[in-house]
Amino acid sequence: MTQELSPEFSTGSKLIRLASRLEQHYDLGSRATQEMMIEEAKIDEELPYASAAPKGHECIRSYLNALDGSPGVYRMLGEKGDVLYVGKARNLRKRVSSYAKPHGHSPRIRRMVASTSSMMFLTTTTETEALLLEQNLIKQLKPRFNVLLRDDKSFPNILISYEHAFPQLRKHRGSCKEKGSYFGPFASAQAVNRTLNQLQKVFLLRSCSDSVFESRTRPCLLYQIKRCCAPCVGFVSTDDYGGLVKEAERFLSGKSSGVQEQLAIEMHKASADLEFERAAALRDRIKALTSVQSVQGVNPRTVYEADLFALYSAGGQACVQVFFFRAGQNWGNHAYYPNTGSGAEDDEVLEAFVVQFYTRKPVPKTVILSRQPANADLIQDMLSRKAERQVRIIVPIRGEKAILVKNALRNARESLAMRISESAAQARLIDGLVKILNLDGPVNRIEVFDNSHIQGSNAVGAMIVANREGFLKSSYRKFNFKKNEFRPGDDLAMMQEVFERRFARLFKEDRDRMAGSWPDLLLIDGGRSQVSAAYEALAALGVAEIPILGISKGPDRDAGREELHIPNRAPFALAKNDPVLYFLQRLRDEAHRFAIGAHRSKRKKAVGSNLLDSIPGIGAVKKRALLAHFGSAKAVGRAGFEDLKAVDGISISLAERIFGHFRDRE
């Protein structure tokens, strides 16, 4: 499968070993296999390049004799071994030979070919497998000439959990491992929260956690405002609650009219039986159900389960609007702005986007596209294999689906225009900041640092990133402090640890500064002492050339009177109405927001933690038995070995482990 392509490829190389492994276990639908292939293909120390080798089309031509017509994946590498481009081919020799020609290329391809110093190849059995491997490598290696999906986050779902006799209705994000019914994806957390808010009014299902449910002795506020039927205190039977669960599942499955009709029948019957309170409650539920249907937006008649992708490009940038249709309802949309790989054509952008989008997301029955992508049949085959059922890709020309595409394209065009306008404004502000600070080079990446804690407890360091287009939320990082020798609340020591860990990672992952992950400016929420500490930390790390700017609240901590601090320079202030000052305030406030959020999350986790959680072998059932027997985790820690053995479900070995755990803590 993998061929000997140049003298740099030895028969004992990683790629040869990878080939034999693939022959034994060749199922690219398996995520484990994909990850294995990616990790093998990422090995840097065996990249076949040499600085003295020819570059450009001559370099590419030198590989042709070693290639045959097999499908596979190829990588173009720069002088330092950096990956310029990852591509797939049905026929490797034919595809590579097209790059070996000195003429007839687009400006983007000409730049890519001219920068190529070496290539790497991996053959596959089919072109579909090559497509899967190509897109996984692109997401891992992030070549600058490839189309790359950015902000690839998971989408929230609505979950009706079956882990309890009275199922819980709640928002869920992540893998669907918990037992229950999942409905989604929704385009945003706001869309889920809005729908859940209305569903509570209609179906009165509980939203509280199991621990809260078990501890209730009287109804909570949600019962008082008619958003829960209070199963926690026995106000509804298991069978009646199960009926509400089935109604909710029917509605979320697209059978809302049937639910509405049933509620209307029950309301009229209650009214005829003179049960006016029950009739009024059913009337309110019908109103809430109508409200849910209205906030779902445009609900198409002919689209039951589909994702719609609409691509609009202008000025070398692109926007893809993704609409989610489930159960005949519009569950929102999300705008993406993929990296177009220095000017890829629209059909190539759409192909790469769709394949990368479904790398870790469920595939619907139908995928609706605004235009024909490159290799549409190949994409359909790949998605069908991933979903293990037939998936249709359609590009509608007329009818309701075409109208939906037209509306999505309008949204994409307006979103891209707004982003381009905001990017231009952001670039002007950054240029203004460069001028004010009198910096030598351009600023493309700003990293902002802040700490958050309460008297040193639950301390968290935070870093946010902004570039000339806006905030890069995928690059945000939080730091849980590992050193224990500094004094609680010592912001300077915390900052020093954050810088040490941040730049240690940069040295490890991008020592040559080729990936664009190094900052051009560091912004710190702090005054002269914080800036001096940061400068000393950077000097010790050997990166003192990176500019540092501190922003402090100034006199009376008054917004608009902030002082700016630069190493070896007196503090200064900007005019109160200076747009650059507003820009710096926005950066600082975003870092502050992110740091506080991370701190609150850590504090909440610490408050909700239990001393028993850290003992191996103690699950929910045994923990409940221990707490029921002793009353609290502290009482468990004080209990003797004989007392622990007396608890139902606690074996002698487990009692020894619990007893030893608390004695070790002491």
- prompt: Does any non-hydrogen side-chain atom of Phe155 lie less than 4.5 Å from one of Asn157?
  reply: no
query: Excluding sequence neighbours, so at least two apart, what forms side chain to side chain contact (heavy atoms under 4.5 Å, CB included) with Asp648?
result: none
task: Measure from the side-chain N and O atoms of Ser384 to the backbone N and O of Val391, and report whether any donor-acceptor pair falls under 3.5 Å.
output: yes
task: Count the heavy atoms belonging to other residues, nucleotides or ligands that lie under 6.0 Å from NZ of Lys478, then report whether that count exceeds 12.
output: no
- prompt: Which value, rounded to the nearest 0.5 Å, describes the distance between Glu178 atom CD and Ser161 atom OG?
  reply: 3.5 Å
Leu131 vs Glu351, side chain to side chain contact (heavy atoms under 4.5 Å, CB included): CA-CA, chis, key distance, verdict: CA-CA 10 Å; Leu131 176 63; Glu351 174 195 357; 3.7 Å; yes
statement: Applying side chain to side chain contact (heavy atoms under 4.5 Å, CB included) to Glu305 and not counting sequence neighbours gives Arg326, Pro364, Lys365, Arg389
field: Which residues share a side-chain hydrogen bond (donor to acceptor under 3.5 Å, both in side chains) with Glu590, sequence neighbours left out
entry: Tyr476, Arg593
Criterion side chain to side chain contact (heavy atoms under 4.5 Å, CB included) on Leu404 and Phe325, from CA distance to verdict: CA-CA 11 Å; Leu404 293 174; Phe325 298 98; 4.1 Å; yes
message: Assess, by modelled atom type and distance only, whether the side chains of Gln135 and Thr359 contain a donor and an acceptor separated by less than 3.5 Å.
response: no
Which atom pairs, one a donor and one an acceptor, fall under 3.5 Å between side chains of residues 217-236 and the rest of the protein, sequence neighbours left out?
residue : atom : partner : partner atom : Å
Arg227  : NH1  : Asn197  : OD1          : 2.3
Arg227  : NH2  : Asn197  : OD1          : 3.3

field: Straight-line distance of Leu196 CG to Leu159 CG, nearest 0.5 Å
entry: 10.0 Å
message: Give me the atom names and distance for the closest heavy-atom approach of Ala310 to Ala412.
response: O-CB, 3.9 Å
task: Could you walk me through whether Ile138 and Val355 pass side chain to side chain contact (heavy atoms under 4.5 Å, CB included), step by step?
output: CA-CA 11 Å; Ile138 288 171; Val355 175; over 6 Å; no
task: Answer yes or no for Arg206 and Phe213: cation-pi contact, defined as NZ/CZ to six-membered ring centre under 6.0 Å and angle to ring axis within 45°.
output: yes
query: Can you tell me how far the CZ atom of Phe659 sits from the CG atom of Asp643, to the nearest 0.5 Å?
result: 10.0 Å
query: In this structure, are over 12 heavy atoms from other groups packed under 6.0 Å from Lys622 atom NZ?
result: no
- line: Correct closest heavy-atom pair for Leu416 and Cys319 would be CB-CB, 3.8 Å
query: Taking the side chain from Gln380 and the backbone from Ile393, do they hold a donor-acceptor pair closer than 3.5 Å?
result: yes
message: Students often mix this up, so state it plainly: with edges at 30° and 60°, are the rings of His164 and Phe166 parallel, tilted or perpendicular?
response: tilted
- request: Enter the distance from Leu383:CG to Thr128:OG1 here, rounded to the nearest 0.5 Å.
  value: 10.0 Å
message: Which residues pass the ring-ring contact (aromatic ring centres under 6.0 Å, His included) test with His268, not counting sequence neighbours?
response: none
statement: Note: Thr238 and Ala165 closest approach over all heavy atoms is CG2-O, 4.2 Å
field: Contacts of type ring-ring contact (aromatic ring centres under 6.0 Å, His included), residue Phe479, not counting sequence neighbours
entry: none
- prompt: How would you list, by chain and number, every residue that makes a side chain to side chain contact (heavy atoms under 4.5 Å, CB included) with Ile596, sequence neighbours excluded?
  reply: Ser452, His592, Arg600
field: Ion pair check, Glu247 and Arg250, cut-off under 4.0 Å
entry: no
- prompt: With a 4.5 Å heavy-atom cut-off, do Ile394 and Thr366 have their side chains touching?
  reply: yes
- prompt: Quick one: does Lys139's side chain have a donor or acceptor within less than 3.5 Å of a partner on Leu149's backbone?
  reply: no
Contact list for residues 632-658, test ring pair (Phe, Tyr, Trp, His ring centres under 6.0 Å), sequence neighbours left out: none
Taking every non-hydrogen atom, the tightest pair across Gly461 and Val498: CA-CG2, 4.3 Å
message: As an exercise, state the distance from NZ of Lys386 to OH of Tyr358, rounded to the nearest 0.5 Å.
response: 9.5 Å
Partners meeting ring-ring contact (aromatic ring centres under 6.0 Å, His included) with Phe630 (sequence neighbours left out): none
message: Tell me every residue that passes side-chain hydrogen bond (donor to acceptor under 3.5 Å, both in side chains) with Tyr312, counting only those two or more places apart in sequence or in another chain.
response: none
Heavy-atom pair with the smallest gap, counting every atom of Leu369 and Val405: O-CG2, 4.2 Å
- prompt: Just wondering, do Val322 and Phe357 contact through their side chains at under 4.5 Å, heavy atoms?
  reply: yes
- prompt: Of Leu308, Ile403, Ile368, which meets side chain to side chain contact (heavy atoms under 4.5 Å, CB included) against Pro396?
  reply: Ile368
- request: Step by step, work out the salt bridge (charged side-chain N to carboxylate O under 4.0 Å, His left out) result for Lys645 and Glu642.
  value: CA-CA 5 Å; Lys645 283 198 307 180; Glu642 296 297 329; 3.3 Å; yes
- prompt: Looking at side-chain heavy atoms only, is the closest gap between Gln200 and Ser207 below 4.5 Å?
  reply: yes
- request: Indicate the atoms forming the closest heavy-atom contact of Lys401 with Thr302, along with that distance.
  value: NZ-O, 3.6 Å
field: Exceeds 12 heavy-atom contacts within 6.0 angstrom, atom CZ of Arg392
entry: no
statement: Those residues at least two apart in sequence (or on a different chain) that pass ring-ring contact (aromatic ring centres under 6.0 Å, His included) with His172 are Tyr182
- prompt: Of all residues at least two apart in sequence or in a different chain, which pass the side chain to side chain contact (heavy atoms under 4.5 Å, CB included) check with Lys179?
  reply: Tyr162, Glu163
task: Take Val636 and Val647, measure what side chain to side chain contact (heavy atoms under 4.5 Å, CB included) needs, and give me the verdict at the end.
output: CA-CA 11 Å; Val636 175; Val647 180; over 6 Å; no
message: Quick check for you: to the nearest 0.5 Å, what is the distance between Glu129 atom CD and Met382 atom CE?
response: 12.5 Å
